[in-house]
2 protein chains.
Amino acid sequence: MLTIGDLSRRTGVKVPTIRYYEQMGLIEPAERSEGNQRRYSRQERERLSFIKHARDLGLTIDSIRELLDLSVHPEQPCAQADRIAAEQLKAVRAKIEKLKRLESELDRIVAHCHGDQVKDCYVIRALANHDLCDNEH
Amino acid sequence: MLTIGDLSRRTGVKVPTIRYYEQMGLIEPAERSEGNQRRYSRQERERLSFIKHARDLGLTIDSIRELLDLSVHPEQPCAQADRIAAEQLKAVRAKIEKLKRLESELDRIVAHCHGDQVKDCYVIRALANHDLCDNEH
DNA sequence: CCATATCTATATAGTCGCTGGAGATATAGT
DNA sequence: ACTATATCTCCAGCGACTATATAGATATGG
């Protein structure tokens, strides 16, 4: 059995975050030692690793809860799990597109600035005047 | 003079957000009508547009406050404004890189899934088992 | 000139996913 | 037995809003 600190080190999830996940119902309330400290088994470590992995991929707590619910019904069709992952992929792609537009505008703003004083500064002027932008954002 | 609703429509910043910006000290407390309603001039509309533009570019409230402070000192060197924009650019690029890694992994996960049942589902299995990942994330 | 419709005011709480602190208790090592 | 470290619970805070409730102001049509 692992203490919460051990579990934290093995999964890379911080101790208060583990307790937070318990509170949010992502993991079951843990067994307790005589002195009321949480103790975890290998199964619980795996579940937490699953959660960590999904969070690293940007899935919301709600999506993860859904996936966890699905994973305990192995005979059901997996279309829903598919859908969750596909939607997340779509969201990630949309974010990338948006960030790329920001990148190109910021890049242009930074590259243009060669004034020495604020009154000539392209950064400031570009922000004050949307017309200097190339694209929508 | 514009009401807060007019200002909102002209800048695309929602009414409660304008009030929030006032509270945060990004914009000066507005003049008031006899009935205690906020009234805005053209100058204040421009300042809010500046803020909107900067927020759209992902700058934090704190960075925007710095830029606004700079913009009222036109004789000072603009190196700091430059630095703020350059740092934001760096942050945006880092986010793009991270999201691209997520994209490729999610894409791989989704593409692999052709099981019909949860027990064979690659989405679920991939999340449970980090070894199925190609790269770090 | 009044009824009504829309807008605005303030204050407060909620969102998401944690993170950190205070003060008390448990456990491990010597 | 003593000490150092880990853990416990509870609660507050982050950022940037967003929503809700209740009350008062203003604009419009008849």
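Lettering follows sequence order; numbering is per chain, from 1. Computed from a predicted structure; not experimentally measured. Quick note: numbers below take in every heavy atom, side chains included, and nothing from hydrogens, waters or symmetry partners.
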> Given R47(B) and E28(B), is the salt bridge (charged side-chain N to carboxylate O under 4.0 Å, His left out) satisfied, shown in steps?
Replying inline: CA-CA 10 Å; R47(B) 191 182 173 99; E28(B) 297 289 308; 5.1 Å; no

> Is there a donor-acceptor pair under 3.5 Å between the side chain of R10(A) and the backbone N or O of S49(A)?
Replying inline: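 Looks like no, no N/O pair under 3.5 Å.
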
>> Quick check: closest heavy atoms across I124(B) and S71(A), and the distance to 0.1 Å?
In response: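 It is CG2-CB, 3.9 Å.
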
> For the residue pair L99(A) and V92(B), what are the closest heavy atoms and their distance?
Replying inline: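 Reported closest heavy-atom pair: O-CG1, 3.5 Å.
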
In whole Å, I'd like the distance from the [atom1] atom of [X] to the [atom2] atom of [N].
{"X": "D62(A)", "N": "dC16(C)", "atom1": "CG", "atom2": "C1'", "result": "10 Å"}
{"X": "L59(B)", "N": "dA16(D)", "atom1": "CG", "atom2": "C1'", "result": "14 Å"}
{"X": "M1(A)", "N": "dA28(C)", "atom1": "CE", "atom2": "P", "result": "13 Å"}
{"X": "L7(B)", "N": "dC7(C)", "atom1": "CG", "atom2": "P", "result": "15 Å"}
{"X": "M24(B)", "N": "dT18(D)", "atom1": "CE", "atom2": "C1'", "result": "14 Å"}
{"X": "E22(A)", "N": "dC18(C)", "atom1": "CD", "atom2": "C1'", "result": "16 Å"}
{"X": "I18(A)", "N": "dC18(C)", "atom1": "CD1", "atom2": "P", "result": "12 Å"}
{"X": "Y40(B)", "N": "dC7(C)", "atom1": "OH", "atom2": "P", "result": "16 Å"}

>> Using heavy-atom distances to pick each residue's nearest nucleotide on DNA chain D, tell me which of R55(B) and I4(A) is more 5'.
In response: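 Between the two, 5'-proximity favours I4(A).
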
>> Among E103(B), E97(B), E105(B), which residue satisfies the side-chain contact (heavy atoms from CB on, under 4.5 Å) criterion with R101(B)?
In response: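 The passing option is E97(B).
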
> Side chain of R19(A): nearest nucleotide among dT8(C), dT9(D), dT18(D)?
Replying inline: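 Side chain of R19(A) sits closest to dT9(D).
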
> What nucleotide, of dT8(C), dC8(D), dC18(C), holds the atom closest to the side chain of Y21(A)?
Replying inline: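 Selected nucleotide (nearest to the side chain): dC18(C).
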
> According to a strict under-4.0 Å criterion, is T17(A) in side-chain N/O contact with OP1 or OP2 of dT19(C)?
Replying inline: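 Yes, T17(A) has a side-chain N/O under 4.0 Å of OP1/OP2 on dT19(C).
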
> Taking only side-chain nitrogens and oxygens of T3(A), does any of them come within less than 4.0 Å of OP1 or OP2 of dT7(D)?
Replying inline: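 Looking at the OP1 and OP2 atoms of dT7(D), one of them is under 4.0 Å from a side-chain N or O of T3(A).
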
> dT10(C) pairs with which nucleotide, Watson-Crick or G-U wobble, both distances below 3.5 Å?
Replying inline: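 Base partner found: dA21(D).
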
>> Would a single hydrophobic cluster contain both M1(B) and I4(B), if residues Ile, Leu, Val, Met, Phe, Trp and Tyr are joined by side-chain heavy-atom contacts under 4.5 Å?
In response: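 No; M1(B) is not reachable from I4(B) via cluster members.
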
>> Looking only at side-chain N and O atoms, does S104(A) offer a donor or acceptor that is under 3.5 Å from a partner on D107(A)?
In response: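 There is no such pair between these side chains.
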
>> Please list, in numerical order, the residues of residues 27-39 of chain B that have a heavy atom closer than 4.0 Å to any atom of DNA chain D.
In response: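 Only S33(B), G35(B), Q37(B) qualify.
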
